[in-house]
Amino acid sequence: MIMKTKTIFSLKIITLFSFIFLFASCTDLDEVVLDEVLGGEASDPAGALAAAYDRLGDRTFTDHGGVFSLQEYTTDEAILPTRGSDWGDGGKWRDMHEFTWTSNNAIVVDNWNLLTNGITRSLTAIKAIEESTIADKAMFLAEAKALLAFYTYHTLDLYGQAPYKDPMVFKAPLQVFKADTQIDKLITEVEALIPDLADIGTKSTHHGRFTKQAAYAFLSTMYLNRAVFKDRYNATSNFNFSEAAVSGSGTDMDRVIYYTSLLIDSGKFSLESDYFKNFARDNDKGKELIFAISQKIDYIRNGSNSFAYVCMERNQRTSAANRGTNAACTTPEFYATWDGNHDDPRFHQHYQYADGTWFMNDGTDVSVPATDLVPNNDKNLPWFHFNRGIQAGPQYGPKLLTSASLEMVGNRIKVSPLYMEKSTTTRMDFTPTLTFAKPLESVFAQNEINQGARIFKYEFDPEGGNGNSNVDISLFRLGGVYAMRAEAYFRKGSTGLAMSDLNTLRTSRHRESLFANTPGKALTAALDAAQLYKELGFELYWELQRRPQSLRFGKFDLPGTAKPATEPYRRFFPIPQTVIDAKDLEQNEGYK
């Protein structure tokens with residue numbers, strides 16, 4: 001994505017856009033990575049690196065159909081059922097949660113193309129920078145190589161294999177990296193880049209650039225998951241988290257502690273007392289963001305609103321020009337993990353308007369002020385704010401009149417009970433339960449499309465239509481760093497230190513002033529693996545982390561809502577059939 005208020009390297013927007021357009025057709029492995037000549041069409045190093053960054057935000061890590069669908073819809077945190085006449089789409093969404101995907105599933109194929117195109121763009125940037133005399137060449141080259149490692153890591157995590165061609169060798173042969181062996185090389189390669197990467201905030205860098213601090217967070221992630229990469233098919237999920245680290249002293253968990261501590265102790269980041277500020281429209285100055293996709297509604301490459309839009313119902317309207325799409329929800333299993341924790345500041349937050357009005361969403365609301373207006377809109381549309389976090393039960397809000405305006409009471413927005421747009425007699429009641437006629441098929445009848453507690457974690461930005469947003473999308477933030485360190489401490493047997501980090505997360509977050517800004521409650525009972533797993537979900541839900549968590553904790557194969565018990569081969573997705581047919585790669589175990 002184009003950086004908010006600034007572009008990478010201060011490029012003029014039109015220059016960056018020309019490179020985005022140039023790379024737009026390079027969207028699959030067959031066209032680029034497997035070609036005889038790699039990236040010969042790009043020679044401008046800044047533009048090539050901008051294009052490599054752009055792949056992060058162009059659906060890959062910002063759209064619910066991107067990496068999100070593989071990392072979240074396959075877990076207890078998220079499901080996208082067929083809802084009556086909507087969201088059938090050939091079963092591609094259901095496949096993710098029902099574990100029925102094949103090598104021809106459109107989501108599996110599309111994400112392979114997106115990630116391997118990220119590899120391609122990074123290789124092209126490396127070549128362009130290597131052959132240039134650009135100022136700060138070493139730093140830009142390190143960023144390009146870090147992006148290559150980032151795309152490669154995610155491709156290996158999801159597909160077990162990743163393609164590579166040496167960008168500096170003409171007609172270089174194709175190499176195929178495997179997860180179990182390449183993880184060590186990725187770690188050493190990223191560690192070697194650290195001296196050339198900038199400290200965040202220096203040399204015009206910010207959380208949208210790959211800095212030393214982004215590298216520390218990335219290395220923490222790789223060390224935390226290294227044991228799973230090296231033994232992915234382990235039938236018992238008894239992974240060796242005590243293996244000697246690739247470099248440095250101690251074990252993998254010692255390196256997680258080392259790198260996370262560098263970030264926690266750096267003084268460059270701090271935890272937001274208002275947890276939901278991390279996911280707000282104005283989070284570009286966020287105190288927790290270490291590496292994020294900087295989004296901006298700029299009418300060239302607009303930011304994605306997908307993570308907010310995908311859960312909101314079609315009759316939930318932030319303005320007369322906006323609505324949701326009634327797609328995804330969470331499962332009863334994940335909702336139940338919050339039992340006894342509904343007062344956690346990360347679970348739910350009410351919105352307060354400037355005049356003091358709280359939106360309670362409990363049937364007591366009559367109206368809210370119409371003084372908040374949709375930003376940068378010449379029609380002066382009133383902006384209605386829904387509450388944040390996990391939404392369950394009957395829903396309330398404004399109604400859209402036939403005049404295409406919100407229903408008003410005087411000069412205020414009227415709040416009414418809401419009904420489903422495509423089942424107009426069905427009350428908009430987000431039931432935490434999901435009742436499917438066939439337990440292993442996530443299909444609702446038309447009068448059942450209200451079901452499922454919804455995730456309103458990301459603020460719905462109404463400025464640029466339903467699909468656009470200024471919300472920066474976190475890839476690494478301080479809350480996740482604390483969570484990683486807590487897990488590493490726990491796996492080393494230091495449960496007291498793990499508890500301390502988890503309680504820092506809990507008590508640093510405060511509820512809204514409706515509840516006297518009460519801090520979250522500290523854990524007091526002894527910490528075990530089951531509670532730790534819950535705590536990771538509390539901090540990181542909806543942030544593309546649940547599948548790796550579930551793999552580390554041995555949860556991924558277990559049965560659940562609309563999911564049978566599954567075999568370890570499903571821990572990787574299949575290589576797309578088109579790639580197999582071209583005889584470039586071999587199919588993963590279990591899919592042959």
Side-chain angles (χ1 to χ4, degrees), residues 77 264 269-283 285-289 308 330 334-365 368-369 372 385-396 415 430 432 453-460 471 474 477-483 485-486 495-527 530-543:
E77 279 188 2
I264 291 168
F269 313 98
S270 58
L271 294 172
E272 297 277 8
S273 61
D274 177 354
Y275 174 74
F276 292 101
K277 284 192 70 174
N278 290 304
F279 317 100
R281 186 179 187 274
D282 60 353
N283 73 340
K285 304 299 182 185
K287 298 185 294 183
E288 289 194 34
L289 300 186
T330 192
F334 185 68
Y335 190 85
T337 66
W338 291 87
D339 288 350
N341 288 280
H342 287 196
D343 58 354
D344 189 300
R346 299 167 293 186
F347 179 73
H348 183 271
Q349 183 184 81
H350 293 84
Y351 186 83
Q352 185 180 29
Y353 288 83
D355 75 340
T357 300
W358 290 96
F359 175 49
M360 298 304 297
N361 195 34
D362 62 0
T364 63
D365 301 291
V368 299
D372 285 6
H385 300 269
F386 288 94
N387 293 335
R388 304 280 294 283
I390 300 178
Q391 306 296 318
Q395 300 296 302
Y396 301 82
V415 176
F430 294 158
R454 310 303 173 92
I455 308 296
F456 284 25
K457 184 171 181 174
Y458 290 83
E459 183 174 17
F460 193 111
V471 179
S474 171
R477 62 177 178 83
L478 189 62
V481 169
Y482 270 101
R485 191 170 74 171
T495 55
L497 292 172
M499 280 268 286
S500 177
D501 276 347
L502 294 175
N503 281 335
T504 295
L505 289 175
R506 279 176 159 259
T507 61
S508 293
R509 316 301 192 184
H510 290 220
R511 299 197 75 184
E512 58 271 43
S513 60
L514 181 65
F515 300 97
N517 299 310
T518 306
K521 296 176 182 177
L523 292 168
T524 56
L527 182 67
Q531 186 62 41
L532 174 59
Y533 188 60
K534 289 182 182 180
E535 295 294 323
L536 298 181
F538 297 165
E539 181 63 28
L540 290 163
Y541 67 97
W542 224 246
E543 293 187 60

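All of these numbers come straight from a predicted model, not from anything done at the bench.
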Stepwise side-chain contact (heavy atoms from CB on, under 4.5 Å) check, S474 with E288:
CA-CA 9 Å; S474 171; E288 289 194 34; over 6 Å; no

Between Q349 and D274, is any side-chain donor less than 3.5 angstrom from a side-chain acceptor?
yes

Minimum side-chain heavy-atom gap Q352-H385 below 4.5 Å
no

Might you point out which heavy atoms bring N503 and L523 nearest each other, and give the distance in Å?
OD1-N, 2.6 Å

Rounded distance [0.5 Å steps], CZ in F269 versus CG in L289
9.0 Å

Taking side-chain hydrogen bond (donor to acceptor under 3.5 Å, both in side chains) as the definition, give me every residue that meets it alongside N361, ordered by chain and number, with sequence neighbours left out.
Q395

Residues which pass side-chain contact (heavy atoms from CB on, under 4.5 Å) with L497, listed by chain and number, not counting sequence neighbours:
Y489, S494

With sequence neighbours left out, the residues meeting salt bridge (charged side-chain N to carboxylate O under 4.0 Å, His left out) with D501 are R485

Residues pairing under salt bridge (Lys or Arg N to Asp or Glu O under 4.0 Å) where one sits in residues 514-523, two or more places apart or in two chains, turn out to be D343-K521

When you compare the side chain of E512 with that of W358, does any pair of heavy atoms fall below 4.5 Å?
yes

Would you find more than 12 non-hydrogen atoms of other residues, nucleotides or ligands less than 6.0 Å from K277 atom NZ?
no

NE2 of H350 to CG of N387, rounded to nearest 0.5 Å, is 5.0 Å

Non-neighbouring partners of Y335 that pass ring-ring contact (aromatic ring centres under 6.0 Å, His included), sequence neighbours left out
H342

Show the nearest heavy-atom pair for residues L502 and L532, with the distance to one decimal.
CD1-CD1, 3.9 Å

Would you give the length of the straight line joining atom OH of Y351 to atom OG1 of T357, rounded to the nearest 0.5 angstrom?
11.0 Å

Between T337 and K534, which heavy-atom pair has the shortest distance, and what is it?
O-CD, 3.9 Å

Hits for ring-ring contact (aromatic ring centres under 6.0 Å, His included) against F538, two or more places apart or cross-chain, chain-then-number order -> W338

Could you work out, with ring-ring contact (aromatic ring centres under 6.0 Å, His included) as the rule, every residue matching Y275, not counting sequence neighbours?
F279

Apply side-chain contact (heavy atoms from CB on, under 4.5 Å) to A336 and list each qualifying residue two or more places apart in sequence or on a separate chain.
D339

Charged tip of R388 within 45° of F276 ring normal and under 6.0 Å
no

Testing the basics here: between N341 and F347, what is the closest heavy-atom pair and its distance to 0.1 Å?
O-CB, 4.0 Å

Looking at S500 and G496, would you say the former's side chain and the latter's main chain have a donor-acceptor pair under 3.5 Å?
no

K287 to L271 - nearest heavy-atom pair and separation:
NZ-O, 4.2 Å

In chain order, what residues pass the ring-ring contact (aromatic ring centres under 6.0 Å, His included) check against F359, with sequence neighbours excluded?
F384

Check: N278 main-chain N/O paired with E272 side-chain donor or acceptor under 3.5 Å:
no

From CA spacing to verdict: side-chain contact (heavy atoms from CB on, under 4.5 Å), Y541, F334
CA-CA 10 Å; Y541 67 97; F334 185 68; 3.6 Å; yes

Salt bridge (charged side-chain N to carboxylate O under 4.0 Å, His left out) partners of E539, counting only residues at least two apart
R346, R477, R509

Can you tell me how far apart OG1 (T495) and CD (Q531) are? Round to the nearest 0.5 Å.
13.0 Å

Is a side-chain donor or acceptor of E77 paired with a backbone partner of W542 at a separation under 3.5 angstrom?
yes

D362: partners by side-chain contact (heavy atoms from CB on, under 4.5 Å), with sequence neighbours left out
M360, T364, D365

Restricting to non-hydrogen atoms, name the atom on A498 and the atom on A486 that form the minimum distance, rounded to 0.1 Å.
CB-O, 3.2 Å

Taken in chain and number order and not counting sequence neighbours, the residues that satisfy side-chain contact (heavy atoms from CB on, under 4.5 Å) with S273 are H510

